[in-house]
Protein chains: 2
Amino acid sequence: MKNQALILLDTVERLGNLLRVGLRQAGVAQGLQPIHLQALLYLNEANRYSNTPQALAEYLGLTKGTVSQSLLLLARRRLIARHADEKDGRVVRLTLTDKGKETLKELGLTNAWRDALQAASPARLSSAAKVLKEALAALQAKNGHRTFGVCVTCRHNLHIGPRSYVCGLTKEKLSSREVSKICREHSPVEENAV
Amino acid sequence: MKNQALILLDTVERLGNLLRVGLRQAGVAQGLQPIHLQALLYLNEANRYSNTPQALAEYLGLTKGTVSQSLLLLARRRLIARHADEKDGRVVRLTLTDKGKETLKELGLTNAWRDALQAASPARLSSAAKVLKEALAALQAKNGHRTFGVCVTCRHNLHIGPRSYVCGLTKEKLSSREVSKICREHSPVEENAV
DNA sequence: CCCATAAAGTTTCGACACGATACGTTTCGT
DNA sequence: ACGAAACGTATCGTGTCGAAACTTTATGGG
């Protein structure tokens with residue numbers, strides 16, 4: 001009997017491949033590579049601390065030079081906009097243009113997946129997601145990668161009142177919309193129970 | 001509250017990315033790209049109906065021309081061997097050389113994953129794998145992709161005696177070792193229960 | 001204040017993936 | 001025997017990717 005962990009690994013790898021192929025096919029109409037779509041998806045979810053080339057490079061696991069090239073292409077196509085940061089002249093802020101947001105919406109990347117899991121109960125999905133999140137966190141910790149979670153699950157996030165949040169790291173107020181976005185400085189809260 | 005299916009999708013995508021980055025880092029020492037390692041892994045598990053460039057292309061979701069280039073590189077490095085098929089002069093049979101098998105073994109690609117899931121119970125792993133397999137099958141069916149399963153789970157496989165198998169498609173006998181390998185012609189048995 | 005150091009981004013280079021297309025060979029159906 | 005189909009290869013253009021050199025801006029001592 002084969003190890004259960006290896007069976008799961010195999011399935012995740014094949015799903016990852018299939019999703020990647022799906023991204024490729026989805027992007028071919030616009031002349032976009034999988035990495036371009038992943039960048040757009042990230043920037044669509046990144047909060048104001050995390051919308052920089054460097055953060056994107058860390059998220060994707062690529063070097064900053066490589067990412068710089070892809071961003072060049074996206075800017076040429078007017079899918080993203082680059083602005084210099086006001087406080088720090090070294091950093092560049094990346095935002096999706098309206099065209100970029102529209103492109104993402106048109107692609108409808110999640111439809112196939114939603115259909116594929118239509119039959120499964122929420123409880124089973126939630127259970128599966130939990131197992132995979134553990135694996136993800138363990139792999140990220142082992143490789144020294146950032147976790148890139150949302151503020152809601154971050155130990156820096158302080159809930160100081162009804163719909164009022166403050167990031168303990170930057171001491172800045174966060175809107176209730178912003179705390180559900182992805183942050184580069186995310187550090188998961190400790191889980192005591194297993 | 002966000003849809004459970006979308007949370008799972010996000011986790012699978014990020015895991016897929018991480019595994020891909022891991023493949024890249026593992027292969028950099030030998031000057032191999034992720035796709036090369038995936039090809040080696042596939043050929044290591046493919047049965048005698050499925051060790052061809054065309055089957056590999058379908059498995060990876062790439063065109064045959066692209067795969068042909070990667071195989072050229074692998075053959076140059078003496079990691080695979082190519083033989084003309086005896087019966088059909090059009091097809092090329094691909095096998096791992098000893099050097100190819102050794103390379104795979106040295107990389108130890110599954111160790112990190114095994115460690116990451118060390119804490120999870122087999123029952124939870126099995127449950128998660130089941131959900132993902134359903135998603136995989138649904139996506140493959142929708143896109144007209146082959147399933148590339150092992151003969152044991154194939155409706156063509158006939159168990160005609162103790163450790164004695166026959167493939168109903170080719171009418172050939174299969175060894176008990178062979179029925180646990182990946183086949184291009186795999187077609188899953190019908191599941192009545194949902 | 002000055003200078004070393006670090007950090008964020010860009011640029012350039014070489015190797016290679018990838019799709020599209022054209023092409024050659026072999027097999028199969030009629 | 002002949003055309004269609006299948007398998008594989010070769011070529012071309014675009015773009016990814018890491019490595020390394022470089023620019024600009026910030027930071028931290030003396």
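Order of the sequence lines sets the chain letters (A, B, ...), proteins ahead of strands, with each chain counted from 1. As the structure is a prediction and not an experimental result, all values here were calculated from the model.
A/Arg155 and A/Ser187 share a side-chain donor-acceptor pair at under 3.5 Å.
Within a heavy-atom distance below 4.0 Å of DNA chain D, the residues of residues 21-39 of chain B found are B/Arg24.
Under the side chain to side chain donor-acceptor pair (under 3.5 Å) criterion, B/Lys142 pairs with A/Asp115, sequence neighbours left out. In this view, A/Ser180 satisfies the side chain to side chain donor-acceptor pair (under 3.5 Å) rule with no residue, not counting sequence neighbours. With sequence neighbours excluded, the residues that form a side chain to side chain donor-acceptor pair (under 3.5 Å) with A/Arg90 are A/Asp88. With sequence neighbours excluded, the residues satisfying side chain to side chain contact (heavy atoms under 4.5 Å, CB included) with B/Arg82 are B/Leu71, B/Leu72, B/Ala75, B/Val92, B/Leu94. Judged as a side chain to side chain donor-acceptor pair (under 3.5 Å), and not counting sequence neighbours, B/Ser176 has no contacts. Shown here are the ring-ring contact (aromatic ring centres under 6.0 Å, His included) partners of B/Tyr49, two or more places apart in sequence or in another chain: there are none. In this structure A/Glu178 satisfies the side chain to side chain contact (heavy atoms under 4.5 Å, CB included) test together with A/Asn47, A/Arg48, A/Leu174, A/Ser175, sequence neighbours excluded.
In this structure, A/Asp85 atom CG and D/dT24 atom C1' are separated by 14 Å, rounded to whole Å. Atom pair B/Tyr49:OH and D/dC7:C1' shows a separation of 19 Å (rounding to whole Å applied). Between the NE2 atom of B/His83 and the C1' atom of D/dC7 there is a distance of 18 Å, rounded to whole Å.
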Report all interatomic pairs (protein N or O, nucleotide N or O of nucleotides 8-12 of chain D) with separations under 3.5 Å.
residue : atom : partner : partner atom : Å
D/dG8   : OP1  : B/Val92 : N            : 3.0
D/dG8   : OP1  : B/Val92 : O            : 3.4
D/dG8   : OP2  : B/Gln54 : N            : 2.8
D/dG8   : N7   : B/Lys64 : NZ           : 2.9
D/dG8   : O6   : B/Lys64 : NZ           : 3.2
D/dT9   : OP1  : B/Arg82 : NH2          : 2.7
D/dT9   : OP2  : B/Ser68 : OG           : 3.1

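Using a 4.0 Å heavy-atom cutoff across all strands shown, B/Arg76 reaches no nucleic acid atom at all.
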Please table the atom pairs, donor to acceptor, closer than 3.5 Å between any side-chain atom in residues 145-152 of chain B and protein atoms at least two apart or in another chain.
residue  : atom : partner  : partner atom : Å
B/His145 : ND1  : B/Asn143 : O            : 3.2
B/Arg146 : NE   : B/Glu58  : OE1          : 2.7
B/Arg146 : NH1  : B/Arg184 : O            : 3.4
B/Thr147 : OG1  : B/His186 : O            : 3.0
B/Thr147 : OG1  : B/His186 : ND1          : 2.7

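Along DNA chain C, the nucleotide closest to A/Arg20 and the one closest to A/Arg184 are compared, and the more 5′ of them pairs with A/Arg184.
Taking every nucleotide of DNA chain C with any atom under 4.0 Å from a non-hydrogen atom of chain B, the first and last of them, 5' to 3', are C/dC16 to C/dT27.
Among residues at least two apart or in separate chains, there is no ring pair (Phe, Tyr, Trp, His ring centres under 6.0 Å) pair with a member in residues 89-137 of chain B.
To the nearest 0.5 Å, atoms NE2 (B/His83) and OG1 (B/Thr95) are separated by 4.0 Å.
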